[in-house]
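Encoded as structure tokens, the structure appears first; notes follow it.
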Amino acid sequence: MLSTLDAGRWLAAGGVLAAYAALCWQCLGRARRRTPSASETAADGVLIAYASQSGQALELAEQAAQTLGTAGVPAICLPLERVDLARLQTCRQALFVVSTCGEGDAPDNAAGFVDRYLHVAADLPALRYGVLALGDASYARFCAFGRRLDAWLQRSGARPLFDRIEVDRMAPAALAHWQHRLASVGGLSEASAPAVTRAPLQHWCLRSSRLLNAGSAGWPVYQVELQAVDAAGAPCALPDWEPGDLLQLFPPGEDERPRDYSIASLPASGMAQLLVREVRDEDGRPGCMSALLGGAAQTGTSFAGRVRAHPGFRLGANATRPLILIGNGTGLAGLLAHLRWRAQQGDGRNWLIFGERQAAFDALHADELASLEARDLLARCDRVFSRDAPAGEYVQHRLERAADTLREWVEGGAAIYVCGNAVGMAPAVHETLGRLLGADALARLAEEGRYRRDVY
Ligand SMILES: Cc1cc2nc3c(=O)[nH]c(=O)nc-3n(C[C@H](O)[C@H](O)[C@H](O)COP(=O)(O)O)c2cc1C
């Protein structure tokens, strides 16, 4: 489970979340062009508050601000953590675009809001609101955070503008419904509601797929390289991306069920490099996309896909900080992207803590990591293996053993990035970091954007 971060102190207004300010800068910029100040917007226009783990809710919130702006309705788009009760009390209309992560939890960037407010009803009689809840119906607690937020708003006396809209895996029909509701909030006719726009799909051609862990006790892991091609199959310009971003690929015939993969490479490499583990369902059948990428598809096969910005896992304001990169399995992909970028900058203040099963088979990208270390581009590299004798070790155990160094790095301004398993690794690391650094300190790091997770 992605446990909810403990309550952080409400930071002094001026010290607000540099990372998320950068993250929603574009959005704020747009809102600012339309309205001189946030407080004015809160009273006169529509507040769009989002809670997003991997960027989809953020994207929809930004588009909603744009739709309303086009309709001449001032709107401001803010991460939920920057929304306080005073703002909700002065604002007449608010739209909440929120995803659910972990096992029915709020995204990391909403944890502070949850802890501060959701436990007791507030007093919001003047507020009219709408909730767009993003989720995945294959999880037991579908859209749980959106439902919880909706229930709290109702208990607090706020009145819904429309029934909560729940979206299963970004299903187009539910998103079209949202656009219609949005149009009526903006005073537009439903017919003139613009469709939700997504970055255009491109063709991604499979160039290579190489098994990295032959002999492993775990499922196979492949290093997969894809190149953007045009409709005729000729290589074309790669879209730009930043370390931390994702490649979203659509298995043939599954237009509504794309799969997201962390991109390990930098655009300059000319390829999107991924780490893909073959997954199996409960009956032992291989997952469709992972099987295709892991050898079932011939090189030269093209898939529809797009690069998806993942602002919550980019470096952003952390680009100049020391980095503590923690992960397991294919989570190495998201961490490698950061390491490769830092190597390009000549910045070696990076500490990698990576876990897998057996050193003999699962030491993914060992040569590259050794080379980074040798060139002083990786200050410290801890690889731990859970199935090796005498006593297997997990990343959280290594963190524990290196507690003093961890504190030194954090005191020295380091940011912490966690990438990999949402079940097992991420909660264990979260619990250990909370114990070693203090739960409040960890919550503060999260609110400052210095603790970021890409877990799945
Ligand atoms: C690790 C993880 C856990 C998730 N847990 C849930 C869940 O408990 N309930 C749910 O409805 N959706 C769950 N989802 C699905 C997300 O809510 C959905 O993918 C959403 O579109 C993500 O939006 P975001 O990019 O704004 O975070 C989970 C997704 C991930 C990656």
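Indexing begins at 1, ligand by ligand and atom by atom, following the structure's order. Computed from a predicted model, the values in this text were never measured in an experiment.
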With heavy atoms of [X] as the reference, note each atom of ligand 1 found under 4.0 Å away.
| X | value |
| --- | --- |
| Tyr456 | 1 (C) |
| Gln53 | 24 (P), 26 (O), 27 (O) |
| Ala57 | 24 (P), 26 (O) |

Polar-atom distance check: [X] versus ligand 1, any N or O pair below 3.5 Å?
| X | value |
| --- | --- |
| Ser52 | yes |
| Gly55 | yes |
| Asp105 | no |
| Leu58 | no |

With distance as the sole test, does [X] use its side chain to make a donor-acceptor pair with the main-chain N or O of [Y] at under 3.5 Å?
| X | Y | result |
| --- | --- | --- |
| Ser216 | Phe361 | no |
| Gln53 | Asp108 | yes |
| Arg306 | Leu201 | no |
| Arg450 | Ala414 | yes |

Indicate, as side chain, backbone, both or neither, the part of [X] found under 4.0 angstrom from ligand 1 when only non-hydrogen atoms are considered.
| X | value |
| --- | --- |
| Val455 | backbone |
| Tyr139 | side chain |
| Ala422 | side chain |
| Glu103 | backbone |

Using a distance-only test with no angle check, is there a side-chain donor-acceptor pair under 3.5 angstrom linking Asn328 and Glu356?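 No.
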With a 3.5 Å cut-off and no angle check, do the side chains of Asp454 and Ser262 form a donor-acceptor pair? yes
Taking the inter-plane angle between the rings of Trp152 and Phe113 on a 0 to 90° scale, is it parallel (under 30°), tilted (30 to 60°) or perpendicular (over 60°)?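 Correct class here is perpendicular.
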Is the centre of the Phe303 ring less than 6.0 Å from the centre of the Phe250 ring?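 That pair fails the under 6.0 Å test.
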Is there a side-chain contact (heavy atoms from CB on, under 4.5 Å) between Leu58 and Val97? Walk through the geometry before answering. CA-CA 8 Å; Leu58 165 65; Val97 183; over 6 Å; no
So for Pro107, does at least one of its heavy atoms come nearer than 4.0 angstrom to any atom of ligand 1? no
Are Cys101 and ligand 1 in contact, using a heavy-atom cut-off of under 4.0 Å?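 Under 4.0 Å: yes for Cys101.
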Option with minimal heavy-atom separation from atom 19 (O) of ligand 1, where the choices are His310, Gln56, Arg147, Arg141: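 The option holding the nearest heavy atom is Gln56.
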Option whose closest heavy atom lies nearest to atom 8 (O) of ligand 1, chosen from Cys143, Ser99, Gly104: Gly104
Which of these passes salt bridge (charged side-chain N to carboxylate O under 4.0 Å, His left out) with Glu393: Arg383, Arg398, Arg387?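 Considering Arg383, Arg398, Arg387, a salt bridge (charged side-chain N to carboxylate O under 4.0 Å, His left out) with Glu393 is found only for Arg398.
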